[in-house]
Amino acid sequence: MTWKDYSLGSLLRGAAGGNRHWRQAWRSPEPKSHYDVVIIGGGGHGLATAYYLAKTYGITNVALIEKGWIGGGNTGRNTTNVRSDYMFPESAAVYDLALSLYEGLARDINFNIMLSQRGWLTLIHNQHQMEAAQHKANWLACNGVDGEIIDVHSVQRMLPLLNTGPGARYPVLGAFLQKRGGTIRHDAVAWGFARAADRLGVDIVQNCEVLGFEQSGGRITSVTTSRGRIGCRKIGVAVAGHSSMIADMAGFRLPVTSRCLQAMVSEPIKPILDHVVISPGTGVYINQTQKGELVMGGVLDLYQSYGQRGTFPTIEKVVTSAVEMFPAFAQARLMRHWAGIVDIVPDSSPIIGQTPVANMFINCGWGTGGFKAIPAGGMLLAHSLAKEAPHPLAEKFGLDRFRSNRLVDEGAAAGIAH
Amino acid sequence: MTSAKHGYRLAAGGVIDRQRAVSFSYNGDHLRGYAGDTLASALIANGVGVIGRSFKYHRPRGFYGTGMEDPNSMLAVRDAYGFEPAIRAGQVRLSEGLEACSVTGWPSPEFDVAAIAQLASNVLGAGFYYKTMMWPNWRLFEPFIRRSTGFGRLDSAISRREMHHRHEVADVLVIGGGPAGLTAARQLAHSGLKIVLVDDQPRLGGALLWEAVSFDGVPASEWVDRTVDALKADANVTILTSTMATAAYEDNAFTLVEQRADEHGVRAEHHWKLRAANVVLATGMVDRPLLFADNDRPGIMLGSSVRRLIGEFGVAPADRLTVYTNNDSGYLTAIAARKAGIDVPVLVDTRPQGQAIHAAAAEQSGVRCVFDSQIEGTSGYKHLKAVTVRGSSTVESIRCSGLAVSGGWTPLIQLAGHRGVKPVYQERESMFVVRAAPPGWHVIGGAAGSLHLTTTLAQARAAASAIGSDRGVPMEQGADVSVDCMSYGSISPQWIPDCGARSRMWVDFQNDVKVSDLDLAARENYVSVEHLKRYTTLGMGTDQGRTSNINGLAVMAGLTDRTINAVGTTTFRPPYSAVRMGTIANRRDGDLHQPRRYLPAHAIHEKLGGVLEDFGWERPDWYRSNGADRESAVEAEMVAVRNHVGVFDGSSLGKIEVTGPDAGLFLSRFYVSNMATLKPGGVRYSVMLKEDGVIFDDGVVACLGPNHFLAGPTSGNAEAVAGWFEQWRQTEWPTMRVAVAPVTANWASIAIAGPCARDLLARLEPDFDISPEVFRHMQVREGHVAGVPARVARVSFTGELQYEVSVPSRYAASLLNTLLERGSGLTPRAVGMEAWLRLRLEKGYIHLGSDTNGRTTPLDIGMGGIVAKRKDDFLGKRSLSLAFATSEEREQLVGVEAIGGTLQAGGRILASGHERTPCPSEGYITSACFSPSLGKSIGLALVVRGNERKGETVSVFSDGSIIRCRLTSPTFYDAENKRLNT
Amino acid sequence: MRLEAQTVFGTSLDPAVPGAIFTSPSATLRERSDIGCILLSAAIDGNGILDAAGEAVGVELPATAGAYKTQEARFALMLSPRSWIVQCNIDEETALVGRVNATFADRTINASRFSDYLCWFELCGPDGTLLLKEGGFLSLERDGFRVGHAKRTLIAKVTAVLIRLDDQAWLIGIERSRARYFADWLISCACLDR
Amino acid sequence: MIVIRCPYCNEQRTEEELSYGGEANIVRAIEPDTLSDTEWTDYLFMRNNPKGLLQEQWCCAAGCGQWFKIERHTVTHEITEVIRFDQQFSCKKDS
C-alpha cells in the first residue's frame, strides 16, 4: 500500500530535502454531519477499533472523536508492559490474539512501536505461589500459550541485582517467565494506529467532547459534541475510566468504578534491568525503558477518582518495594510520577460488545491491563460494530455476564493479583 | 586544565568562606574550591568548560545554569557517605574529598567519539525511530540504542547516609527562604502560629545572596541575618535549610527532603511528610534561554546564573562576556559583570532603545548596548569564541568567551501544578502564573511573577496578613523597608528569531531538540503540547523542561498560529526535583519493609529447629529435629500423628468473640450453617460467603455459653473476617444486640492430634472431664489446664482424635515445652505446617485458598445439602440461585489418586479424549502429596462436573508430562470417622 | 502443675538495664509486662449500662474517644463507641472478667481477657515524640495529643494504642504478634545518631 | 493524601488509617429471595461512578473502627460533607 512510506530510505531522502516531504501523521478534519460509525475515545482501543473497522471490515466512513488529544489517557500513561500469560482459555485467547497482533503490528501499520520482547518475569516468593505458578504453567500449555517456571539460579542470572539474599523480606524461589512478554513504546501504538486509520479514510477528530446523545426508538441517532452534532448509524465506545459517564448519557449503568493507577519513572541510568519483573509479594512491577528510566507501578489508589493525580502512600509503597527487590535502585532518582484513570470491574475482565442501547457497542473494563490488549480490544469491538454480534472470542465478555454472575475472574482463580 | 578565558575565581566577593579551602577531584584531577561552593561553581572556578555531552548528537555541553535548572551538568558524585550516579553539579555542595566524574561522553566529555552522530543530524530528527528499524525486528536494534542512553551507573556500595522519616503538622509552610518567604515568615512569627520555613539552599536569602540589593541603605545580607535571628527567636518557627519541598498533595500535604551535611558530605537525609493549614509559595523564578543559531555552545549561560556565580560564589564564568537579552534583567547581568571586572564587549537587546530602562546605567558602567539587534550565530566548538550580532542595518562579530542570555523569566510554580492548578499565560510579562491557587495557598514574589522587590515584599506582607486574619491571630505589623535595587523591568519576547538556521537552534539542550524538530512535529500534526513533548522528547530529560518548555510551546504556538494559552503547558508532575529512591524507601528494608508476625512460642520453634516461613505469620514449615530434610521430617511428623501424637502450633488461627443476645442469629447470617442452633459446649464447622456466593472463609464456631460464641476464621483471614462482621453489624444490622471482639493474639492455640492425644491432654491435668463419652468430637470446654485458664476444643483437621488447647499467650512457650517434655512414653513430636496440611489432605478436608479459589461456592465442595436445608437467609445465598452457581460448567471438589506416577498440585485435568497439549482442560489438582498411610500419591481436584465423575479415569498434565489418575471421593482416610470419634 | 508465664521479650531483655529493650541518653523503651487489661464490648448502645460496667471494673468508662480515665490503679480508655480497654494489674484480669460477666449474664456487655493481646511498651525520654513520629503523624492536629490522653492510630504500619503519660513518657499497646517488629522499628529509629 | 475527620472519634485521619467502602447507600434487601436476578445483580455489581460528587462510605480502620459516610468530589477529592452512618446527607443528590 502506498501510504506505508516510513522506512530508512525515506528518512535518508527526507534528510537530503530538509525533512520537508513528511505529511501529517493524521489529518485534523472538521467532523462531517453523519458517519456510518462514530467511535468515542481516541486511546489505543478506540484507534485500533477504527483501524480494524477500516482494514478488516471495510467500513471507512468512520469518525473517531476524542475529548483531548489522542493517546492522552491511559495509553500514554501506562507502564508499557505486554504479556499474554492468562489462564482462563477465554482470556488467553484474547490476550494472545493481542500479543500476536502486536508482534506483526510495526510492519502492518508501518510505524515502529518498538516491541521489545525481553521477557516477563513473575517472581515466586513462597511454596504457595510456586504451586500457583505450576498450575499456571500447566494451564497455559493447555491453552497453547508459552510460559515456563525458571529456578532461582536462572532468575539470578537474568536479574543480577535482585535481592535474593538471606536478608530479603521476600525470598525468591524462582519465577514464572513468559519470553514473549515485554514492552512497547506506548505513544507509538496510538500514533501508529491513528496514522494507519487516517490513511484508510477514518476521520480523527480531536478536542471533541461528547456532551450527549440523541436517541430515537432505542437507538442513538446522533452524538452531541463540543464540535457540533454528529449523526451516526452505529456507535462504538472505548473510553476506559470514563465509561460510566458515557453510559450515563446513553441511559444505562455499568459495573464499573474509576480508580487512579499510578506509575512513575526514575531519571535515566545505564542499562541495568533487561526484563520486566513483577513481585506478587509487593504487587510492584518494574522495567527499564530504552532511554534508561526505571518504570514502576503497583497497586491502585484506595478510592474512586477521576483525578489523574496519585496519592503519596502508593508512591512510597511502590518505591520502597522496588528498593527492597533491587537494593541498588536506592541510588536511582525518582523523576516523575503520574496517574491514569482505570475502569475497574468486579472480575477485572473486559466488557466487549452490545450495550442496552441497540446500536451502541462498548469496550471497557480492562482495568489496569488495557494496554497489552489494545489490538485485540480494537479487533473485537470492530467486529461487534461491523456484525452487530459478538466476535467468537468475545462471547464470554459481554455485559450480560453480570446478570448471571458468570464472571471471568483471572485474579481470583490465580489467588494472586494480576 | 584550560586557559583562564574560561571561568575563574574572582579576587573578592561571594558568600563563600575563602579561609576554608576544600579539595575535590573531577575525572581524577585534583582541584580546590571553598566551603560554600557548589560543585558547579567550583568547577567553573577551576576553568572547566565542557561538562558533558548532549544525548542525541553528543554535542559539547557547558554549564547553562548554576542550579537544578541546568540541563547539562549531570555528574557522578561520591562523598564520604554515599554515591550519586548522576546529579546536577549545581545541586551538590562541595565537601572535602568529594569525587566527581563525567557520565556522558566517551572517552571524555572533551573528546567524545560518538559526536560523529552530528553528521547524521538530518536523519536523526524528531521521532526518526518511529519510521525505521522495523525490519526485521526492533529487538535487533534495541541493544545499541539502550547502550547509548542513561546517565550514570548504579554501584553496589551501601550508602552510609542516615535516613529518617519525619511527620509534622504546621500552621504555615513557607516554601522559599528568599526575600518573599523571609518577609512572610517574619511577619507571621511570634503570632503563636507554628511555621515551617524551607529552602533548598544551605543558606537563607535566596536571590539576596547574589543580587545587588540594599535595605534601608544597608546590604541585603544584614537584613537577612536580622530577619533570620528574629525567626530563630520564636520557638514556633522551624527553619529547614538544604530542604527541598518535593511534592504537594491533597489537603496541603507535602513531602520534603532535608539534607544534613557536614564537611565530608551529605551525612543524613530526612524525608518529611508535612501537612500545613496555609502555604506560602515563595519559590522565585528562573531565567529562560533565548533561541538563536548555535545557542548551545559551552560558555553560553543564563544571565541570572551569571549573576549568582559572581555574587554568591565570587566566580566569573568568562573573562569576556557578551550579554543577550529581551528584557531589562539582562542589564543587571552586564552591570554585575562589569563590577566584577569582567570585560563586557556588548549588550545585545532585541528591543528598541526606548524600552530599556537600565541602558544608561549599563553604559555608565562601560557597557556598550545595541538595540533592535539579535544574535545570529556563534562560533567555537568546545567553547564559545565569538557571536555574530545582527542589528537593523549592521552585522558584526564580537569576540567573547562567554554569553549571558536572558529570554524572560519562568516562575517556579510546579508545586501548585501538583495540585492540579493549570498555569495561565500572562502576555505582558510573557510568563505562566498561578491564577487560582489551591485552598489556603498564597503565591508571592518571583513565583507570582513579581519583577520588582518592592512588589515582592508587599505581596509577602499581604499574604501574611491574610493568613493572620484567617487564623485570627495577632500580627506584628512589619515595618516598611525601603529597598534599593534594580527592577527586572519589562520584556518583549521574540520567540523564533528571523535570522539563523532553525536546525541549529536548540530548544532542549539535554535531549537535542531543535526548532527544526518542532517544525517537523508541527508539519506532521503532533501539535498538541503533549504530542509535541512526546514526539520530540522536548522537556523529557532530567531537567524536566525547566529551561526548554516555555520556548518549545511558544515556538509551537507560532508555528500553528495559536496563542500560547491555547497551546497550554504540559502538566507538572511530582516530584519537583528528582528524589533518590533510597530516600523514599528510607529504612524500610528487610524485616522493616513489611511487619513480620511472630507466634507467641516463637523461641521454642527456633529451638526445635523449626524451618520458619512467612505464611502471614512466621510459622514452622517443618522441624529439623524431625528429619534431615523436608521430605523425611514431614513424613516423620505425619507418622507421629497417625501412630501416637503430634503437637502443632495453631496460634495464628483467628479467634473472634461474638457476644450478646443476638450473637447466634448474627453469626447465622454469615455462615452457611445455622449457628443460632448451636448449644453451649457445641462446635460447628462451616463456610461463609461473600454476597456473590463465593466462599470467603471457613472455620469452626464454638458456643462457649449463652450469648457467647467464639468464631475461628483462618489465620490469613482473621482480621478480614473480624472487619467483615463489624462492617455488617454497623452498616446493615445496627439494631442487632451483638458485639464483635477479635482476640486472636490473646490466645495461643496448640493442637494435639493422634491416637494418644487424650492421654497427652490428661497429663496437663485439665480441671474438667475429658473422657470420650463426656467430651465428644465437636465440643468445647472452658476451664483450666496445667493450672492456667484454658479453652479446649475437640475438633479435628487431621482426621485423628484432636484437641485444640488455647491458653493466654504468655503461657504458649511453657505449654509447648510441657507437651513435648511431659509426653514420655507417648513420643509426641512437633508437627509443622506441611505435615499438618498433608494430614488433612488424606482426610479430604479443604484448605481454604488451595482447594477453593475465588469462584468456588459451597455447592462445589459438597455443601449443597446444608445450603438446601437452610430456610432463612445468609450472606451470599441469593447468588447461589444465579445461573453461574448451578451451571453445568462448575468445577467440583473430588479426590484424585495417581495410577502410577506422582501427582503435583497445579496439574491440569485434560478433557477426555485428549492426550497432548494444547487441548481443552477441565480442572486442576488443588493439593497433592504422597500419603504415607495409604502408600500412594493422592490429591484433591476441582473438576468440571466432578461429583458425577467419581470413578472416572482422567489424564493429568503436569510439568510437561501426562499421568493417569482416578477421580474419587475426597476422603481417603477413615471415611467412617472412627478415629476422630474415638 | 502450673505453666510458666513469659513476656513477649522475656528472652531478649538487655541485661545491662533491667527491663529495657533499648536505652539511649534520649530514649528508653521497656516492656511493661505487669500491665494487664480486659476488653469490654457492648452489644447495645446506651449510657445506662456504662455505669453498671464501670462499677463492675472499678473505673468510670469514658464516653468520648481519647479520654483516659483513672481511678486508683485502674485505667480505662475508649477503643470504639462500644468497646473499652480497662487496664489493671495483670493478676486482677481473671477477677475483673468474672465480675463483668457475672454482672451482665446476657452478655450485653462482655469482658474478654486482653492482657496477652497487647504488648505494652513504655517509651520515655526527650526523644520519645521524635521516635514515634518517625512512624506517623500521631495526630494531624497541632498539639492534638495532650498529656493524659489516649489515641488509637497507625505507627510504622501497625495499629497502636497510645497513652501520653507526660511530656516525655508514653504507653504503647501493640498487638502481640507485631510487638517484636515494632520494637525493631523503634530501635532502628533510635540507633541512628541524630 | 486524603484526610477525613472521623465523625465518631473526632480525629483527623489520613487515608492510611482509613479503609474505603465504595458507594454509600447501597442497602441490602431484607429478603433477597424475593428479588429478581436483575435486581440482585444490580445490588451486587452496579455502582454509581460520577465524575463529580460521590457519596461513599469509609471506615476509621486504624482508629475507632467506625463506618461513616462522606460526600466527596471525585476529581478535586474535596470532601463536602462527613456524617455518621445513621445520618442523612444534607442535600440528596439526584443520582
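Labels below follow one simple rule: chain letters A, B, ... track the order of the sequence lines, proteins then strands, and each chain is numbered from 1.
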Looking only at the side chains, is there a donor atom on one of A/Ser258 and D/Asn49 sitting less than 3.5 Å from an acceptor on the other?
yes

Chain D neighbours within residues 354-365 of chain A, where any heavy atom lies under 4.5 Å away
none

Got a second to check how far D/Lys51's NZ is from A/Ser244's OG, nearest 0.5 Å?
11.5 Å

Under 4.5 Å from any heavy atom of chain D - which part of A/Leu407
side chain

Hey, what's the ring geometry for A/Tyr303 with D/Trp58, parallel, tilted or perpendicular (30° and 60° as the breaks)?
tilted

Reported OG1-to-CD1 distance for the pair A/Thr311 and D/Ile2, which is rounded to 0.5 angstrom:
7.5 Å

D/Leu54 side, atom CG; A/Ser305 side, atom OG - distance, nearest 0.5 Å
10.5 Å

Under a 4.5 Å cutoff for heavy-atom pairs, which residue among D/Arg47, D/Met1, D/Glu15 has the most contacts with chain A?
D/Glu15

Quick one: CD on A/Gln304 to NE2 on D/His77, what's the gap to the nearest 0.5 Å?
10.5 Å

What residue, out of A/Arg403, A/Met245, A/His242, has the most heavy-atom pairs lying under 4.5 Å from chain D?
A/Arg403

Interface check, chain A: of D/Glu23, D/Glu56, D/Glu16, most non-hydrogen pairs under 4.5 Å belong to D/Glu16

Evaluate the side chain to side chain contact (heavy atoms under 4.5 Å, CB included) criterion for residues D/Phe45 and A/Leu254: first the C-alpha distance (whole Å), next the side-chain angles of each, then the deciding distance (0.1 Å), finally the verdict.
CA-CA 8 Å; D/Phe45 300 126; A/Leu254 287 171; over 6 Å; no

I'd like to check the side chain to side chain contact (heavy atoms under 4.5 Å, CB included) partners of D/Val82; sequence neighbours left out, ordered by chain and number.
D/Ile4, D/Pro7, D/Phe68, D/Ile70, D/Ile79

Show the nearest heavy-atom pair for residues A/Leu302 and D/Leu18, with the distance to one decimal.
CD2-O, 4.0 Å

Quick check against the 3.5 Å criterion: does A/Tyr306 have a side-chain atom that pairs as donor or acceptor with the backbone of D/His73?
no

Tell me, for D/Thr76 versus chain A, whether the close heavy atoms (under 4.5 Å) come from the side chain, the backbone, both or neither.
backbone

